[in-house]
*Asks:* 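This structure is in structure tokens; I'll ask about it shortly.
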Amino acid sequence: MTVDSSEQRTLVLTAFPVEADEVLSHTTLDLDPVVVADRRHFYLGSIHGKKVIVAMTGIGMVNATEATDTALTYFSSIVGAVVFSGVAGGAGRTGIADVAVPARWTLDNGKTFRPVDADMLAAAETLSVTLESVKRMRHEPQLLVGGDGCSYDNNNGRAFPGIPLGGTVFGCQPRTAPDRSFFHTGNFFQAAWPWLRHGLISNAKVVSAADPAFDATDSETAAAQAVADARGVPFLGIRAMSDGPGDPLRLPGFPFQFFVYKRVAAVNAARVTAAFLRRWPGA
């Protein structure tokens, strides 16, 4: 399809299917919404009247870097800002189902930080969003704007392979994608063998999924931000907690909490993302 270069859009990134599906649930798709670039699928539409491009990066730093670079190369004339919407590990100030919008992110466990866009952060500070809770949870989920986020690589510098028909976490496409196909294999054939050889065993230095030094820890946001910053594109990360304190079931942390609470976290991240786009005037 031909993309209208006269209209600015916000690139809304997610890592895996359940996150993308929740963002798409807020998205009114264009009549011809699908763009494929470098084997990656992008979905054009609008959220609360704001033009967006929704994309799924895949899990991990390498996928986030490559997907963001592809998007900002292919859509260089129309992307005015980037938002990453997804789930994360929480600790300290954040617990299950809370949403964090950190003021800065680190790729090196806090040695250096990159601030997010000041105007986008200021718009996030004005939000009031009703967040979904979990049965028997003792506190109502909160939106926390400010603080620090950390992204880390536990795939030894390799792209994590999407798995065809891999479900809401490991799948290659959102389940509600307008071009969803059982034959879509994403990066599986390119990435599976290198990852099995070199990325299966994690690096020795891995930040815990629940690190009290950070309000949110994940595997993509700071990598996407580094690409956006290099191109001078405003960036904001919105992450909801799928694991951390406040678990009414008292599960033994990640990954057990993640698989139980990933959907409520994805719902809350997408709600805040949609509310942000409604409020923010744009780049």
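One is the number of the first residue; the rest follow in order along the sequence. Basis for what follows: all heavy atoms, side chains included, without hydrogens, waters or symmetry-related copies.
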*Asks:* Would you check if the side chain of Asn63 reaches a backbone N or O of Ile59 as a donor-acceptor pair within less than 3.5 Å?
*Replies:*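 Between the backbone of Ile59 and the side chain of Asn63 there is a qualifying donor-acceptor contact (under 3.5 Å).
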*Asks:* In terms of side-chain heavy atoms, does Tyr261 have a donor or acceptor partner in Asp247 at a distance below 3.5 Å?
*Replies:*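 Per modelled atom types, Tyr261 and Asp247 side chains form a pair under 3.5 Å.
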*Asks:* Can you check whether Asn155's main-chain N or O pairs, donor with acceptor, with Asp153's side chain at less than 3.5 Å?
*Replies:*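 Present.
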*Asks:* Would you say Ser151 and Asp218 are linked by a side-chain donor-acceptor pair, where the criterion is simply a distance under 3.5 Å?
*Replies:*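 Checked: Asp218/Ser151 side chains pair up, N/O donor to acceptor below 3.5 Å.
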*Asks:* Indicate the atoms forming the closest heavy-atom contact of Asp30 with Gly45, along with that distance.
*Replies:*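 It is OD1-CA, 3.3 Å.
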*Asks:* Hey, which of Val116, Val233, Leu236 is the one that makes side chain to side chain contact (heavy atoms under 4.5 Å, CB included) with Val82?
*Replies:*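 Of the listed options, the one satisfying the test is Val233.
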*Asks:* Evaluate Arg279 against Thr126 for side chain to side chain donor-acceptor pair (under 3.5 Å), listing each step before the verdict.
*Replies:* CA-CA 8 Å; Arg279 178 65 58 87; Thr126 69; 2.7 Å; yes
*Asks:* Could you go step by step and tell me if His41 and His184 meet the side-chain contact (heavy atoms from CB on, under 4.5 Å) rule?
*Replies:* CA-CA 10 Å; His41 292 224; His184 180 61; 3.3 Å; yes
*Asks:* If you look at every heavy atom in Ala91 and Pro245, which pair is closest and at what distance?
*Replies:*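 Taking every non-hydrogen atom into account, CA-CD, 3.9 Å.
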*Asks:* Hey, which of Leu29, Leu24, Leu44 is the one that makes side chain to side chain contact (heavy atoms under 4.5 Å, CB included) with Val54?
*Replies:*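 The residue from Leu29, Leu24, Leu44 that satisfies side chain to side chain contact (heavy atoms under 4.5 Å, CB included) with Val54 turns out to be Leu24.
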*Asks:* Tell me whether Glu66 is salt-bridged to Arg40, with the criterion being a basic N under 4.0 Å from an acidic carboxylate O.
*Replies:*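 Result for this pair is yes, salt bridge flagged.
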*Asks:* Quick one: are Phe214 and Asn109 in side-chain contact, heavy atoms under 4.5 Å?
*Replies:*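 Side-chain contact under 4.5 Å: yes.
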*Asks:* For Arg239 and Thr217, does a side-chain donor sit closer than 3.5 Å to a side-chain acceptor?
*Replies:*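 Absent: no donor and acceptor within the cut-off.
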*Asks:* Quick one, Val145 and Leu121 - any side-chain contact, counting heavy atoms below 4.5 Å?
*Replies:*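 A side-chain contact exists here, since the closest heavy-atom pair is under 4.5 Å.
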*Asks:* For the CG atom of Asp229 and the OG1 atom of Thr68, what is their distance to the nearest 0.5 Å?
*Replies:*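 One finds 11.0 Å between CG of Asp229 and OG1 of Thr68.
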*Asks:* Any side-chain to backbone donor/acceptor pair from Asp117 onto Asp119? Under 3.5 Å, distance only.
*Replies:*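 Looks like yes, one N/O pair under 3.5 Å.
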*Asks:* Could you give me the CA-CA distance, side-chain angles and deciding distance for Leu72 and Leu11, then say whether side-chain contact (heavy atoms from CB on, under 4.5 Å) is met?
*Replies:* CA-CA 9 Å; Leu72 295 184; Leu11 175 65; 4.2 Å; yes
*Asks:* Any idea how Phe42 and Phe75 line up, ring-wise: parallel (<30°), tilted (30 to 60°), or perpendicular (>60°)?
*Replies:*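 Phe42 vs Phe75 ring planes: perpendicular.
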*Asks:* Just checking, any donor-acceptor pair under 3.5 angstrom between side chains of Tyr43 and Asp179?
*Replies:*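 Result is yes, a qualifying pair exists.
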*Asks:* Angle between ring planes, Phe259 versus Phe170, binned at 30° and 60°: parallel, tilted or perpendicular?
*Replies:*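 Plane angle between 30° and 60°, so tilted.
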*Asks:* Please give me the minimum heavy-atom distance between Pro248 and Val134, naming the atom from each residue.
*Replies:*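 Scanning both residues completely, I find the closest heavy atoms to be CG-CG1, 4.0 Å.
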*Asks:* Regarding Asp215 and Thr94, do their side chains bring together a donor and an acceptor under 3.5 Å, going by distance alone?
*Replies:*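 No, no side-chain donor-acceptor pair sits under 3.5 Å.
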*Asks:* Do Trp105 and Asp148 have a side chain donor and acceptor closer than 3.5 Å?
*Replies:*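 The criterion, which ignores hydrogens and geometry beyond distance, is not satisfied for Asp148 and Trp105.
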*Asks:* Which is it for Val101 and Leu143 under the side-chain contact (heavy atoms from CB on, under 4.5 Å) test, yes or no, and what are the steps along the way?
*Replies:* CA-CA 8 Å; Val101 185; Leu143 170 60; 3.9 Å; yes
*Asks:* At their closest point, which heavy atom of Leu131 faces which heavy atom of Ala97, and how far apart are they?
*Replies:*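 Closest pair (atom of Leu131, atom of Ala97, distance): CD1-O, 4.3 Å.
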*Asks:* Quick check: does any side chain N or O of Arg271 sit under 3.5 Å from a backbone N or O of Ala266, one acting as donor and the other as acceptor?
*Replies:*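 No; zero donor-acceptor contacts below 3.5 Å.
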*Asks:* Check step by step if side chain to side chain donor-acceptor pair (under 3.5 Å) holds for Arg263 and Ser242.
*Replies:* CA-CA 8 Å; Arg263 183 185 173 277; Ser242 58; over 6 Å; no
*Asks:* Roughly how far, to the nearest 0.5 Å, is OG of Ser85 from CD of Glu22?
*Replies:*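 The distance works out to 9.0 Å.
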*Asks:* Less than 3.5 Å apart, any donor N or O on the side chain of Thr168 or Arg175 sitting next to an acceptor on the other?
*Replies:*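 No, Arg175 and Thr168 have no side-chain donor paired with an acceptor closer than 3.5 Å.
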*Asks:* Under a 4.5 Å cut-off applied to non-hydrogen side-chain atoms, are Val169 and Lys262 in contact?
*Replies:*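 When only atoms from C-beta onward are counted, Lys262 and Val169 do touch, with a gap below 4.5 Å.
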*Asks:* State, yes or no, whether a side-chain contact exists between Leu251 and Asp243 at a heavy-atom distance under 4.5 Å.
*Replies:*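 The answer is no; the side chains never approach within 4.5 Å.
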*Asks:* Indicate, with yes or no, if the rings of Phe188 and Phe183 have centres closer together than 6.0 Å.
*Replies:*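 No; Phe183 has its ring centre 6.0 Å or more from that of Phe188.
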*Asks:* Does Trp280 form a side-chain contact (heavy atoms from CB on, under 4.5 Å) with Met120? I'd like the steps, not just the answer.
*Replies:* CA-CA 7 Å; Trp280 186 55; Met120 297 175 79; 3.6 Å; yes
*Asks:* In Å and rounded to the nearest 0.5 Å, what is the CD to NZ distance from Glu7 to Lys51?
*Replies:*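 Between Glu7 CD and Lys51 NZ, I get 5.0 Å after rounding to 0.5 Å.
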*Asks:* Grab the two heavy atoms, one from Ala265 and one from Ala240, that are nearest each other, plus how far apart they are.
*Replies:*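 That would be O-CB, 3.0 Å.
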*Asks:* Considering all heavy atoms of both residues, which atom of Pro102 and which atom of Gly237 are nearest to each other, and what is their separation?
*Replies:*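 Heavy atoms of Pro102 and Gly237 come nearest at CD-O, 3.7 Å.
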*Asks:* Supply the atom-to-atom distance Leu107 CG to Cys150 SG, rounded to the nearest 0.5 angstrom.
*Replies:*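 It is 8.0 Å, given to the nearest 0.5 Å.
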*Asks:* So that I can tick it off, tell me whether Arg93 and Asp98 are bridged by a salt bridge, with the cut-off set at under 4.0 angstrom between side-chain N and carboxylate O.
*Replies:*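 The answer is no: the pair does not qualify as a salt bridge.
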*Asks:* For the side chain of Thr106 and the backbone of Thr112, is there at least one donor-acceptor N/O pair under 3.5 Å apart?
*Replies:*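 Checked: pair present.
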*Asks:* Ignoring hydrogens and geometry, is there a side-chain-to-backbone donor-acceptor pair from Glu220 to Leu13 under 3.5 Å?
*Replies:*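 Looks like no, no N/O pair under 3.5 Å.
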*Asks:* Return yes when atom CZ of Arg278 has more than 12 non-hydrogen atoms of other residues, nucleotides or ligands closer than 6.0 Å, and no otherwise.
*Replies:*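 Open.
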*Asks:* For the backbone of Gly171 and the side chain of Gln173, can you confirm whether one donor and one acceptor N or O come within less than 3.5 Å of each other?
*Replies:*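 The answer is no, because no donor-acceptor pair under 3.5 Å joins these two groups.
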*Asks:* May I ask you to decide if Ala15's main-chain N or O and Glu19's side chain share a donor-acceptor pair within less than 3.5 Å?
*Replies:*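 Looks like yes, one N/O pair under 3.5 Å.
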*Asks:* Check whether Thr27 reaches the backbone of Val23 with its side chain - one donor and one acceptor, N or O, closer than 3.5 Å.
*Replies:*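 Flag set: sc Thr27 to bb Val23 pair under 3.5 Å.
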*Asks:* Under a plain distance cut-off of 3.5 Å, with no hydrogens placed, do Glu132 and Asn268 share a side-chain donor-acceptor pair?
*Replies:*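 Side-chain D/A pair, Asn268 to Glu132: absent.
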*Asks:* Could you measure the distance from the CZ atom of Phe235 to the CD atom of Gln225? Nearest 0.5 Å is fine.
*Replies:*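 The CZ atom of Phe235 sits 5.5 Å away from the CD atom of Gln225.
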*Asks:* Nearest 0.5 Å please: distance from the CG atom of Leu144 over to the CD atom of Glu125.
*Replies:*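 Leu144 CG to Glu125 CD: 12.0 Å, rounded to 0.5 Å.
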*Asks:* Any donor and acceptor pair, going by atom type alone, linking the side chain of Arg9 with main-chain N or O of Val52 inside 3.5 Å?
*Replies:*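 Such a contact is found between Arg9 side chain and Val52 backbone.
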*Asks:* Does some side-chain heavy atom of Thr10 sit less than 4.5 Å from a side-chain heavy atom of Ile53?
*Replies:*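 Answer no - side chains too far apart.
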